[in-house]
Amino acid sequence: MANTLYSLARQSFLSQSPSIDLDTDNIKASLFRSSVYSPNTTTDQFYDIAGAAVATSGNFSGKSVTLGVFDAADITFTAVAAGLAIQYIVIWKDTGVPATSPLIALIDVGTGLPVTPNGGDITVTWDSGANKIFKI
């Protein structure tokens with residue numbers, strides 16, 4: 001697989017149903033292992049996979065949307081319990097209810113992925129290149 005937007009998130013960006021506003025909504029990321037989440041970026045739509053998450057970030061800060069490029073401040077997952085390797089970072093909009101919280105992007109290729117947690121913090125440093133976190 002490669003880093004991608006979920007297909008139904010792309011549809012939401014165009015139709016606003018459900019609405020996803022990257023610079024004003026509560027946007028978070030979660031870490032997943034391939035042994036508990038097998039992503040289908042064509043049909044997966046909502047964060048009803050929450051129970052399988054290894055760790056979840058707080059709301060993204062310093063968000064910007066410029067010329068179709070989404071960026072935010074780097075994030076830290078605090079004290080991630082030791083265990084098997086983590087393959088995926090899932091970015092999603094937090095509505096407060098997993099069944100209505102849209103999935104946005106899946107990241108599975110990048111420096112430091114996969115990562116094997118050891119009980120310490122895991123910091124995600126977003127790309128500083130032209131495409132930042134992602135480009136539509």
Side-chain angles (χ1 to χ4, degrees):
M1 200 175 298
N3 301 341
T4 190
L5 295 176
Y6 285 87
S7 294
L8 293 168
R10 292 177 201 269
Q11 182 174 315
S12 292
F13 291 140
L14 297 173
S15 70
Q16 289 299 295
S17 180
S19 173
I20 299 174
D21 189 333
L22 293 169
D23 54 353
T24 62
D25 287 339
N26 292 328
I27 306 298
K28 295 183 177 181
S30 295
L31 303 175
F32 289 89
R33 294 184 172 102
S34 60
S35 60
V36 295
Y37 177 52
S38 181
N40 183 328
T41 58
T42 302
T43 60
D44 291 352
Q45 184 172 18
F46 295 110
Y47 192 64
D48 49 6
I49 57 174
V54 174
T56 297
S57 74
N59 291 327
F60 284 20
S61 64
K63 298 179 293 181
S64 67
V65 179
T66 306
L67 300 175
V69 176
F70 177 56
D71 195 17
D74 298 340
I75 56 173
T76 299
F77 297 91
T78 305
V80 179
L84 300 174
I86 294 166
Q87 288 80 18
Y88 307 120
I89 301 170
V90 173
I91 299 172
W92 53 284
K93 170 187 170 178
D94 185 4
T95 65
V97 178
T100 64
S101 295
L103 300 174
I104 298 170
L106 176 79
I107 298 173
D108 65 345
V109 176
T111 302
L113 280 176
V115 59
T116 302
N118 61 11
D121 295 351
I122 295 175
T123 299
V124 176
T125 303
W126 302 119
D127 188 348
S128 60
N131 294 334
K132 309 292 183 193
I133 299 174
F134 63 80
K135 181 178 182 177
I136 296 178

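A quick note: this is a predicted structure, and the numbers were derived from the prediction, not measured.
- The two residues Ile133 and Ala72 come nearest to each other via the heavy atoms CD1-N, 3.6 Å.
- Residues passing the side-chain hydrogen bond (donor to acceptor under 3.5 Å, both in side chains) test with Asn26, sequence neighbours excluded: Asn59.
- The line from OG1 of Thr41 to CG of Asp108 is 9.5 Å long, rounded to the nearest 0.5 Å.
- Note: Tyr88 OH to Ser30 OG = 14.5 Å, rounded to the nearest 0.5 Å.
- No side-chain heavy atom of Leu106 sits under 4.5 Å from any side-chain heavy atom of Asp44.
- The ring pair (Phe, Tyr, Trp, His ring centres under 6.0 Å) contacts involving residues 112-136 comprise Phe60-Trp126, Phe70-Phe134, where partners must be two or more places apart or lie in separate chains.
- Linking Ile, Leu, Val, Met, Phe, Trp and Tyr whenever their side-chain heavy atoms come within less than 4.5 Å puts Ile89 and Val80 in one cluster.
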Listed pairs under 3.5 Å, donor-acceptor, residues 114-121 side chains, sequence neighbours left out:
| from | atom 1 | to | atom 2 | distance (Å) |
| --- | --- | --- | --- | --- |
| Asn118 | OD1 | Gly120 | N | 2.9 |
| Asp121 | OD1 | Ala79 | N | 2.8 |

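- Smallest separation of non-hydrogen atoms from Gln45 and Leu8: CB-CD1, 3.6 Å.
- Cluster membership check: Leu31 shares its hydrophobic cluster with Ile104, using side-chain heavy-atom separations under 4.5 Å among Ile, Leu, Val, Met, Phe, Trp and Tyr.
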What donor-acceptor contacts under 3.5 angstrom involve side-chain atoms of residues 93-100, with partners at least two apart or in another chain?
| from | atom 1 | to | atom 2 | distance (Å) |
| --- | --- | --- | --- | --- |
| Lys93 | NZ | Ser19 | O | 2.7 |
| Lys93 | NZ | Asp25 | OD2 | 3.3 |
| Asp94 | OD1 | Gly96 | N | 2.8 |
| Asp94 | OD2 | Lys28 | NZ | 2.8 |
| Thr95 | OG1 | Val97 | N | 3.3 |
| Thr95 | OG1 | Val97 | O | 3.1 |
| Thr95 | OG1 | Thr100 | OG1 | 2.7 |
| Thr95 | OG1 | Ser101 | OG | 3.0 |
| Thr100 | OG1 | Val97 | O | 3.2 |

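- The side chain to side chain contact (heavy atoms under 4.5 Å, CB included) check on Ala73 picks up Ser61, with sequence neighbours excluded.
- Remark: Asp71 engages no residue in a salt bridge (Lys or Arg N to Asp or Glu O under 4.0 Å) (not counting sequence neighbours).
- Residues satisfying the side-chain hydrogen bond (donor to acceptor under 3.5 Å, both in side chains) criterion with Gln87, sequence neighbours excluded, are Ser34.
- Taking the side chain as every heavy atom from C-beta outward, Val54 and Phe77 never approach each other to under 4.5 Å.
- For the pair Val124 and Ile107, the minimum side-chain heavy-atom distance is 4.5 Å or more.
- Lys63 is linked by a salt bridge (Lys or Arg N to Asp or Glu O under 4.0 Å) to nothing, counting only residues two or more places apart in sequence or in another chain.
- Of the inter-residue distances, the one linking Ile20 atom CD1 with Ser15 atom OG reads 8.5 Å to the nearest 0.5 angstrom.
- The list of ring pair (Phe, Tyr, Trp, His ring centres under 6.0 Å) pairs with a residue in residues 92-123, not counting sequence neighbours, reads Tyr47-Trp92.
- For Thr43, the side chain to side chain contact (heavy atoms under 4.5 Å, CB included) partners two or more places apart in sequence, or in a different chain, are Asn40.
- In this structure, CG in Leu14 is found 8.0 Å from CD1 in Ile136, a value given to the nearest 0.5 Å.
- Leu22 and Ile27 get closest at one heavy-atom pair: O-CG1, 3.7 Å.
- Nearest heavy-atom pair across Arg33 and Leu84 is NE-O, 2.7 Å.
- To the nearest 0.5 Å, the span separating OH on Tyr6 from CD1 on Ile91 amounts to 9.5 Å.
- For Ser35, there are no side-chain hydrogen bond (donor to acceptor under 3.5 Å, both in side chains) partners at least two apart in sequence or on another chain.
- In the hydrophobic clustering of this structure, Leu103 does not group with Phe13; members are Ile, Leu, Val, Met, Phe, Trp, Tyr whose side-chain heavy atoms approach within less than 4.5 Å, directly or through other members.
- Nearest heavy atoms, Thr4 versus Arg10: OG1-NH2, 3.4 Å.
- The side chain to side chain contact (heavy atoms under 4.5 Å, CB included) search around Thr123 returns Thr76, Thr125, not counting sequence neighbours.
- Using a 4.5 Å heavy-atom cutoff, the side chains of Phe32 and Pro39 are not in contact.
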